[in-house]
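Taking it in order: structure first as structure tokens, then the write-up.
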Amino acid sequence: RKEVEQDPGPFNVPEGATVAFNCTYSNSASQSFFWYRQDCRKEPKLLMSVYSSGNEDGRFTAQLNRASQYISLLIRDSKLSDSATYLCVVNTDYKLSFGAGTTVTVRA
Amino acid sequence: ETGVTQSPTHLIKTRGQQVTLRCSSQSGHNTVSWYQQALGQGPQFIFQYYREEENGRGNFPPRFSGLQFPNYSSELNVNALELDDSALYLCASSLEGPGNTIYFGEGSWLTVV
């Protein structure tokens with residue numbers, strides 16, 4: 001079983017739409033959780049950390065369910081610039097484990 | 001940007017050769033990690049260095065080795081290159097601790113032919 005599993009998509013949505021996707025992780029001892037964004041042929045960049053209480057950063061909302069070992073990301077009012085691959089990341093001790101990414105394409 | 005710089009940005013090597021990739025961490029960051037990202041995959045953890053010592057390793061063979069220097073910069077060395085080693089190699093720096101943010105460099109694209 002992979003340490004982090006994500007819905008690969010792709011999600012193809014019109015501008016202004018809401019898109020949501022999630023990932024699951026296998027290690028219940030994992031300590032911290034993140035969403036990273038990766039543009040084509042670029043390095044991953046931190047989008048936001050994810051907390052059990054849920055957290056928002058502008059149009060982005062992340063949620064963590066430790067009991068179900070499930071992490072979600074919701075993007076409201078999608079912009080063309082949101083087109084990217086979104087990587088679910090789980091930190092266990094010294095090691096980051098990445099999902100394979102969810103591809104989102106926002107069309108005009 | 002992130003203050004993490006990697007070199008070279010692109011290189012082509014022949015199967016069986018050896019390669020050294022370099023990384024300068026963000027100022028003040030004492031922990032450096034290396035990741036391999038094959039096309040269409042998420043980054044895979046290779047190993048991490050903290051204060052010049054390896055303190056964690058992923059599922060990679062011994063021909064993947066590394067160093068961290070007193071200024072916290074780092075090298076990744078890969079011996080006996082194989083075609084499957086073709087990937088984007090990412091260096092990330094952070095302060096020690098599982099909750100600290102990790103910052104990636106732009107990566108080194110390695111093609112093995």
Expected contact set for residues 97-108 of chain A against chain B at heavy-atom separation under 4.5 Å reads A:Phe98, A:Gly99, A:Ala100
Using a heavy-atom distance cut-off of less than 4.5 Å, which residues of residues 15-23 of chain A contact chain B?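 Listed by number, there are no contacting residues, so the answer is none.
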Sidechain N-carboxylate O distance under 4.0 Å for B:Lys13, B:Asp85: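 Result for this pair is no, no salt bridge flagged.
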Which answer fits B:Gln6, side chain, backbone, both or neither, if we ask what part of it has an atom under 4.5 Å from a heavy atom of chain A?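 Nothing of B:Gln6, per the 4.5 Å heavy-atom cut-off to chain A.
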Chain A heavy atoms under 4.5 Å from B:Tyr35: which part of the residue, side chain, backbone, both or neither? side chain
Could you check which of B:Ala92, B:Pro43, B:Gly58, B:Gly42 has the highest count of heavy-atom pairs closer than 4.5 Å to chain A?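 If we count pairs closer than 4.5 Å to chain A, B:Pro43 comes out on top.
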Please identify, among B:Gly105, B:Gly107, B:Ser33, the residue contributing the most non-hydrogen atom pairs under 4.5 Å to chain A.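 Among the listed options, the one with the most contacts to chain A is B:Gly105.
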Identify the heavy atoms of [X] and [Y] that sit nearest to each other, and give their distance.
X       : Y       : answer
B:Gly66 : B:Asn77 : CA-ND2, 4.5 Å
A:Ser81 : A:Arg37 : O-NH2, 2.7 Å
B:Leu81 : B:Arg63 : CA-NH1, 4.1 Å
B:Gln68 : B:Glu53 : OE1-N, 4.5 Å

Any chance [atom1] of [X] has more than 12 other-residue heavy atoms, nucleotides or ligands included, within less than 6.0 Å?
X       : atom1 : result
B:Phe69 : CZ    : yes
B:Asn71 : CG    : yes
B:Arg15 : CZ    : no
B:Leu39 : CG    : no

Under a 4.5 Å heavy-atom cut-off, does chain B meet the side chain of A:Phe33, its backbone, both or neither?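 No part of it gets close to chain B.
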The interface call for A:Gln38 against chain B, heavy-atom contacts under 4.5 Å, is side chain
When you measure from the side chain of B:Arg57 to the backbone of B:Phe47, do you find a donor-acceptor pair of N or O atoms at a distance under 3.5 Å? no
Using modelled atom types and a 3.5 Å cut-off, is there a donor and acceptor pairing between side-chain atoms of B:Ser25 and backbone atoms of B:Val32?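 No; judged by distance alone, with no hydrogens or angles, the pair does not exist.
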Any luck finding a side-chain donor-acceptor pair between B:Arg22 and B:Ser73 under 3.5 Å? no
